[in-house]
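First comes the structure, then the notes that go with it.
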Number of protein chains: 2
Amino acid sequence: MARARHTSFECSPGCAVEATLSLIDGKWKGVVLYHLLDSTLRFNEIRKKLPSVTQRMLTNQLRSLETDGLIERKVYPVIPPKVEYSLTERGRSLEPVIMALKHWGDANKELWPDEFGLVVAAD
Amino acid sequence: MARARHTSFECSPGCAVEATLSLIDGKWKGVVLYHLLDSTLRFNEIRKKLPSVTQRMLTNQLRSLETDGLIERKVYPVIPPKVEYSLTERGRSLEPVIMALKHWGDANKELWPDEFGLVVAAD
DNA sequence: CGGTATCCTAGGTGATACTG
DNA sequence: CAGTATCACCTAGGATACCG
């Protein structure tokens with residue numbers, strides 16, 4: 001369908017922010033992209049890096065990233081199955097964004113929400 | 001409770017990405033922050049910049065941003081009411097992040113999801 | 001003007017079990 | 001190993017109406 005010629009945007013300029021955000025929200029997309037910056041990874045390799053993600057959710061997020069053209073999924077027809085995920089060029093172009101997010105996060109650890117697994121000293 | 005001494009983080013490094021993301025997700029937070037980069041704004045001024053946000057949602061997002069220490073809410077006890085929103089220092093420190101999101105979005109308009117109000121040439 | 005209060009829905013997320 | 005399929009929940013988000 002006619003997604004084709006979006007000749008003009010009535011969006012206020014900030015809309016670009018949301019557009020980008022919409023691609024990397026979802027509970028795990030950010031981290032997945034981050035880890036793929038380093039190297040191509042297999043399904044279970046990604047999984048190991050995300051302690052608490054479920055199989056279903058990881059599959060979901062990966063499919064979504066694939067649909068958005070940010071990652072590529074390469075299936076090797078072997079047994080047992082082997083599937084590799086890597087960044088597309090477009091995905092890699094997000095590197096500055098991902099790194100900006102990471103740097104800010106590192107610089108502001110003190111105020112991370114509780115969910116992010118901080119270990120509180122028992123004593 | 002003891003949010004106090006998060007002495008260590010077991011999070012894999014990518015966690016910082018999610019932590020930051022968690023502060024600016026929510027359908028309108030990104031744009032709101034973006035617009036506040038320019039200037040302090042009143043409630044309805046922000047609203048005008050977000051064509052389709054509902055009053056309730058905008059209030060929600062603003063409260064959330066305030067709770068996270070990213071914006072400041074200043075109430076003038078006058079009639080009619082006047083409330084101004086501005087970035088805190090911490091909020092402003094997100095500028096590189098916001099701008100990274102915006103730049104990428106601008107550079108990749110072609111593949112914005114449909115929801116972002118693109119106007120397709122009828123012809 | 002700048003909000004609450006209430007109600008409602010879609011879909012994002014999780015748990016679990018099964019499969020090629 | 002890398003997924004589907006189901007079920008079930010819960011919160012983000014929207015519509016609407018009222019308030020100080």
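Order of the sequence lines fixes the chain letters, A, B, ..., with proteins taken first and strands second; residue numbering starts at 1 for each chain. As a basis for the values below, the full set of heavy atoms in this structure was taken, side chains included, without hydrogen atoms, waters or symmetry mates.
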Worksheet entry | Qualifying residue, where the test is side chain to side chain contact (heavy atoms under 4.5 Å, CB included) with A/S64 and the options are A/T67, A/L62, A/N60, A/D68 | A/D68
Item to complete: Rounded to the nearest angstrom, tell me the gap between atom NZ in A/K74 and atom P in D/dG3.
Response: 15 Å
Worksheet item: So, is A/R63 near the phosphate of D/dT4, with a side-chain N or O under 4.0 Å from OP1 or OP2?
Response: yes
Worksheet item: Has the side chain of B/R56 got a donor or acceptor that lies under 3.5 Å from a partner of the other kind on the base of D/dG13?
Response: yes
Item to complete: For B/P81, report the nucleic acid contact type (base, sugar-phosphate, nothing); a contact means any heavy atom under 4.0 Å.
Response: base
Worksheet, complete the sentence: When rounded to whole Å, the CD to P distance for the pair A/E84 and D/dG3 reads 12 Å
Discussion item. Measuring from the side chain of B/K27 (C-beta onward, heavy atoms only), which nucleotide among D/dG3, D/dG14, C/dG3 has the closest atom?
Written reply: D/dG14
Worksheet item: To the nearest Å, how far apart are B/I79 CD1 and D/dC19 P?
Response: 16 Å
Item to complete: Rounded to the nearest angstrom, tell me the gap between atom CG in B/D25 and atom P in C/dG12.
Response: 13 Å
Practice prompt. For B/K49 and B/W28, run side chain to side chain contact (heavy atoms under 4.5 Å, CB included): C-alpha distance rounded to whole Å, both residues' side-chain angles, the deciding distance at 0.1 Å, then the answer.
Written response: CA-CA 11 Å; B/K49 292 177 182 291; B/W28 306 98; over 6 Å; no
Worksheet item: Counting side-chain heavy atoms from C-beta on, which of C/dG2, D/dA2, D/dG13 comes nearest to A/N44?
Response: D/dA2
Worksheet entry | Closest-nucleotide 5' rank along DNA chain C - winner of B/T59 and A/V53 | B/T59
Discussion item. Using whole Å, what does the distance between atom C1' of nucleotide C/dG12 and atom CH2 of A/W28 come to?
Written reply: 13 Å
Practice prompt. Determine whether A/V75 and A/I71 fall in the same hydrophobic cluster, where Ile, Leu, Val, Met, Phe, Trp and Tyr are linked whenever their side-chain heavy atoms lie under 4.5 Å apart.
Written response: yes
Discussion item. One thing to verify: whether A/R92 and A/E89 come together as a salt bridge, which I'm taking to mean a side-chain N less than 4.0 angstrom from a carboxylate O.
Written reply: no
Item to complete: Provide, to the nearest angstrom, the distance between the CG atom belonging to A/L58 and the P atom belonging to D/dT4.
Response: 11 Å
Discussion item. Just the rounded figure in Å: distance from C1' of C/dA5 to CG of B/N60.
Written reply: 12 Å
Item to complete: Examine D/dG13: is either OP1 or OP2 under 4.0 Å from a nitrogen or oxygen in the side chain of B/Q61? Give yes or no.
Response: yes
Worksheet item: Are B/L41 and B/V78 connected in a single hydrophobic cluster, I mean Ile/Leu/Val/Met/Phe/Trp/Tyr linked by side-chain heavy atoms less than 4.5 Å apart?
Response: no
Fill in: Rounded interatomic separation in angstrom, taking CE from A/M57 and C1' from D/dT11
14 Å
Worksheet item: Out of C/dG3, C/dC1, C/dA17, which has the shortest distance to the side chain of B/R42?
Response: C/dC1
Worksheet item: For C/dG3, does either OP1 or OP2 sit under 4.0 Å from a side-chain N or O belonging to B/Y85?
Response: yes
